[in-house]
Amino acid sequence: EDQVTQSPEALRLQEGESSSLNCSYTVSGLRGLFWYRQDPGKGPEFLFTLYSAGEEKEKERLKATLTKKESFLHITAPKPEDSATYLCAVRSGVFNFNKFYFGSGTKLNVKP
Amino acid sequence: NAGVTQTPKFRVLKTGQSMTLLCAQDMNHEYMYWYRQDPGMGLRLIHYSVGEGTTAKGEVPDGYNVSRLKKQNFLLGLESAAPSQTSVYFCASQPLSNQPQHFGDGTRLSIL
């Protein structure tokens, strides 16, 4: 069964304190792993797509990496405006090619 | 550029009432999706559409119906609302099957 698990559920950091969020997955034929940011009362906003193990993407203080079993979202020197819930989703390409499986998210709180 | 617009933003229903949630996108995207988001459970797919006039069941379709009569609109109907359907509902659209989804800001639905 396709499954996506994110950890930790919540993370509190001081401004400038770097850390990583984890997204582990078990899917039949990965066709893409997606990272989203969700602010309170808003819909998820796309950040990155990763397609194959070893791939990396960067955007400002965020860097996403992918292995065969998990993805990490590294946050370098975070600022309070990075506070949000970060979601990962995987697309399985065997039978359910239009279905995305979402993790339950990591709620990040960056204190000034 | 409006993107994905959901109507209404908030609604309170009584058990047994029916209602329709509207999703409209102005990006000419082929694929559209309806999700529900509940605390600790992540986004779960209700129904989706791969083009005008098509619909398919997702992970949690029971109690919901959908229609996509026009490419830009995707309607989600609750025939007889139940308290278990209290949730935040998100609509998403997608240009091609392996590209990221674009989300609306959600409809917060409470069923008493």
Side-chain angles (χ1 to χ4, degrees), chain A residues 1-10 21-25 27 29-52 55 57 59 64 66 71 84-107, chain B residues 2-7 9-10 21 23-25 27 29-51 54-61 66 68 74 87-109:
Chain A
E1 181 179 317
D2 296 339
Q3 192 169 348
V4 179
T5 303
Q6 290 188 247
S7 62
E9 291 185 9
L21 314 182
N22 178 265
C23 173
S24 63
Y25 62 91
V27 294
L30 181 70
R31 291 292 183 266
L33 186 142
F34 301 80
W35 281 100
Y36 289 86
R37 170 191 171 125
Q38 186 174 22
D39 292 301
K42 298 290 186 180
E45 179 183 345
F46 170 71
L47 293 173
F48 303 110
T49 307
L50 301 167
Y51 291 104
S52 57
E55 189 174 359
K57 294 277 181 71
K59 181 180 179 180
L66 181 65
S71 175
T85 297
Y86 291 86
L87 305 174
C88 77
V90 298
R91 175 173 171 263
S92 170
V94 178
F95 299 110
N96 304 317
F97 65 95
N98 277 106
K99 295 184 180 179
F100 291 72
Y101 297 89
F102 281 82
S104 55
T106 293
K107 187 174 183 179
Chain B
V4 179
T5 303
Q6 293 186 233
T7 309
K9 297 187 185 306
F10 305 93
L21 281 64
C23 176
Q25 53 99 358
M27 298 172 284
H29 287 174
E30 288 296 329
Y31 306 141
M32 296 188 74
Y33 304 78
W34 275 107
Y35 293 91
R36 60 178 290 173
Q37 187 175 40
D38 301 292
M41 299 190 71
L43 287 158
R44 291 183 292 166
L45 182 63
I46 304 172
H47 286 281
Y48 65 97
S49 169
V50 299
T54 74
T55 62
K57 294 180 180 180
E59 185 184 357
V60 288
V66 288
R68 185 131 181 241
F74 196 28
S87 187
V88 182
Y89 291 85
F90 287 99
C91 175
S93 70
Q94 185 187 22
L96 295 173
S97 62
N98 208 28
Q99 294 185 347
Q101 298 173 327
H102 300 250
F103 285 84
D105 282 338
T107 293
R108 283 140 188 88
L109 182 61

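Chain naming here is simple, since letters A, B, ... match the order of the sequence lines and numbering starts at 1 in each.
- Contact annotation for B:Arg108: only side-chain heavy atoms (C-beta onward) come within less than 4.5 Å of a heavy atom of chain A.
- Heavy-atom distances place the side chain of A:Tyr51, and not its backbone, under 4.5 Å from chain B.
- By the 30° and 60° cut-offs, the orientation of the rings of A:Phe100 relative to B:Tyr33 is perpendicular.
- Between B:Glu59 and the choices B:Arg44, B:Arg36, B:His47, the side-chain contact (heavy atoms from CB on, under 4.5 Å) rule is met once, by B:Arg44.
- Interatomic distance, CG of B:Asp38 versus OG of B:Ser87, reported as 3.5 Å (0.5 Å rounding).
- Only the side chain of B:Gln37 comes within contact range of chain A, judged by heavy atoms closer than 4.5 Å.
- For the set B:Pro100, B:Ala56, B:Gly42, the count of heavy-atom pairs under 4.5 angstrom toward chain A peaks at B:Pro100.
- Rounding to the nearest 0.5 Å places OH of A:Tyr25 at 8.0 Å from OG of A:Ser71.
- Heavy-atom distances place no part of A:Gln6 under 4.5 Å from chain B, backbone and side chain included.
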_Full working for ring-ring contact (aromatic ring centres under 6.0 Å, His included) between A:Phe48 and A:Tyr36_ = CA-CA 7 Å; A:Phe48 303 110; A:Tyr36 289 86; over 10 Å; no
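- With respect to chain B, the highest number of heavy-atom pairs below 4.5 Å among A:Pro44, A:Ser104, A:Gly32 belongs to A:Pro44.
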